[in-house]
Amino acid sequence: MADIQWRTIGASVKGALHHRNGKPNQDAWAHSDSFHCMAVADGHGSAKHQRSDIGARLAAEITVKLLEEFANQPFDIRLIKEVSSYLPGKIVQGWREAVVRDHQKLELSGDPPQNSGEASDTAEQNQAAIYSLYGTTLLAALVTEDYALYLQIGDGNLLVLNDAGKIETPLPQNATFIANETNSLSQANAAHHFEQKVVFFDYQPPPVLISLSTDGYINSYPSPVEFETVIKDIKQLLFKQGGEKVQAMLPDWLDETSQQGSGDDITIALLYCFPDS
Amino acid sequence: MSSLLKRGQILHGSNTQTAYEIETFLGAGTQGEVYQAKTNGQLVALKCYFPQYIKTDPNCQQRLEKAISKGNPDSNFLWPIELVFTDKTPLFGYVMPLRADHYKSIVDLMKRRIDPGFRELITACLGLVESFLHLHAKGFCYRDINFNNIFLNPQTGDILICDNDNVDVNGVSGAINGTPRFMAPELVRGDAAPCTESDLFSVSVLLFYMLMLHHPLEGKKEADIRCFDQAAMNRLYGNEPVFIFDPRDNSNYPVKGLHDNALTYWPLYPQFIRDLFIRAFTTGINDVQHGRVRENEWRNALIRLRDSMVYCACGAENFYDSEQLKEGQQQVCWSCKQPLIYPPRLRIENTIVMLNHDTRLYLHHIDKTRRFEFSQAAAQVTRHPQDPNRWGLQNLSDQSWTITLTDNTVKTVEPQRTVNLNAGIRINFGSVQAEIRV
């Protein structure tokens, strides 16, 4: 395992619709230079979540930082699953603290949120309304020599390509939401709504590629099968042309995909390793 | 992704030589893989161990053989039926009953994928403590009680206990000492081997989780930990465990916004339940031998809790709290915040059963010699067929009751007949006396 080199590439582009109506890119992604981890977040948009672009950025950055700290701990390997179960709570806590700091900073600088039409009666409701302004989904992955850790709250796609060329979805696909509703870092008891999984490499080989993407990407295709084909194609390109070239081309591909597809912001982050890379 | 066995592969039982044919892969854990298998037209679950795991747990086979020979403590356990071996490889495992799909995990409860009512939840808690009582009575210790091993039917509160291959004779050291979040502090610190007393602590944690949807030791101290590491876990659960509702130490009180479930659910329960949890996580932490709440205490408290349930006019389930009433406090509904209006209640010796529209009494309530028997209703609250404002208690048992009215008139209530729910009526069930209060 020691000679396997993991690399990360990724990009986030403003959706074609957001270009037209002057809205910012409400997606964000972050990755670590020291550890093999990455995160992708999709701010909810709309007036109620008008700072969700900031919320998404904070979520991705904080998560990567926490995953770095997690990967840096000398845990007994048998406890990884147990200890990782605290990550959702710590992510929610870290994100909320950062959100409150950002909110206070903007209030002081005279940039209060535009009225979203929802009056709050209590301090508790006020707090919930602040979190909601920054509401976002989150996907994250960490790979070490011994295991892969996957985390998700809300929509988006976490796909894993194994060495046999098969796409797997390690986390359960949440189908309980309708009409664009999704779980969010801003909701009450958010930590309980995370899906997470630790996959050890004792009995199965590590994947060759892990893909995190916001729903703007999959929604640009008629069905999940076409989307999976794109992920497999990207893997082929990475294999043939190398990460730098693919990284350089990625924003243009995503732009084009958004224009011809969902019109939504699109973000993808990829962790990959090829035996000879 | 399965790696050990293939569809159609046959494994043979060590006791019966029965052939088990692998059908589908169900899942994998750190110890091995679980498959659905078929034998004589019946479906079973078959767990096959990873060879690498067996190296770390050399007593596994011996432990399983012991469990199989001693037999199932009760039918809630998906207990090992027999060991199975492959023909040409050194793989081995065991077969057990298959878990039906309508049983959901406690994780589903935490994530609100299932939303059982309080009655079903309490019934599930009761099932758990009774099963662990039966397990301990057989001289076993479960060693790894945690919410991944427990499943419940949200419609009925029936439970199933899985992963019984960790069960061992009480007090024996082994490969499995538990899951840190559920382990007794002395085990987290490495001071003791798993035993009945450490199981009792884990049972209390599990009950707290099920009723409060939160961990009893995760409050401010947990919130103050930026990144969770092993030292933090040892501190929180082993070296400095503090109950989040310790009445004498608020240093670990739940934090609003982070531990909302605990803050929401704790005040909903009557004082006698909160007192028991306080004992479990204060003296129960320090006094391993005598301080822990035993299964029978939980059993009595949970039955009392279920009997305390009342419905608010808004439909929400609440609990009658006699101690709150004694202090002159008006109980309000947790949901609509309106004062609770109590239905008639039955005082049976020292306990109270609230007589809701759907209340049923069991042999447990009316026959001293048949405590904890809930299989068949012995009485039920019914509405008068002609007058919807009149309610009664129908005798569903095969024994007549003797009732004494407030004017001291004595009457007999034959099986299937009904006694009106009027204040002051005393019912003689035979070995138990009761009085209706309104």
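So that the names make sense, note that chain A is the first sequence line, chain B the second, and so on, each numbered from 1.
- The part of B:Glu218 that comes within reach of chain A is its side chain, from C-beta onward, which places non-hydrogen atoms under 4.5 angstrom from that chain.
- Interface remark: B:Ala223 contributes backbone and side-chain atoms alike to the contact with chain A (heavy atom separation under 4.5 Å).
- B:Phe208 and B:Phe245 have tilted rings, their planes meeting at an angle from 30° to 60° on a 0 to 90° scale.
- Proximity to chain A is limited to the side chain of B:Met233, based on heavy atoms less than 4.5 angstrom apart.
- In this pair, B:Phe92 and B:Tyr49 present their aromatic rings tilted. The plane angle is within the 30 to 60° band.
- Of the residues considered (A:Lys166, A:Gln93, A:Arg96), A:Gln93 shows the highest number of contacts with chain B, using heavy-atom pairs under 4.5 Å.
- In summary, B:Lys221 and B:Asp224 do not engage in a salt bridge, as defined by a charged side-chain N under 4.0 Å from a carboxylate O.
- Between B:Phe147 and B:Phe182, the ring-plane angle classifies as perpendicular under the 30° and 60° cut-offs.
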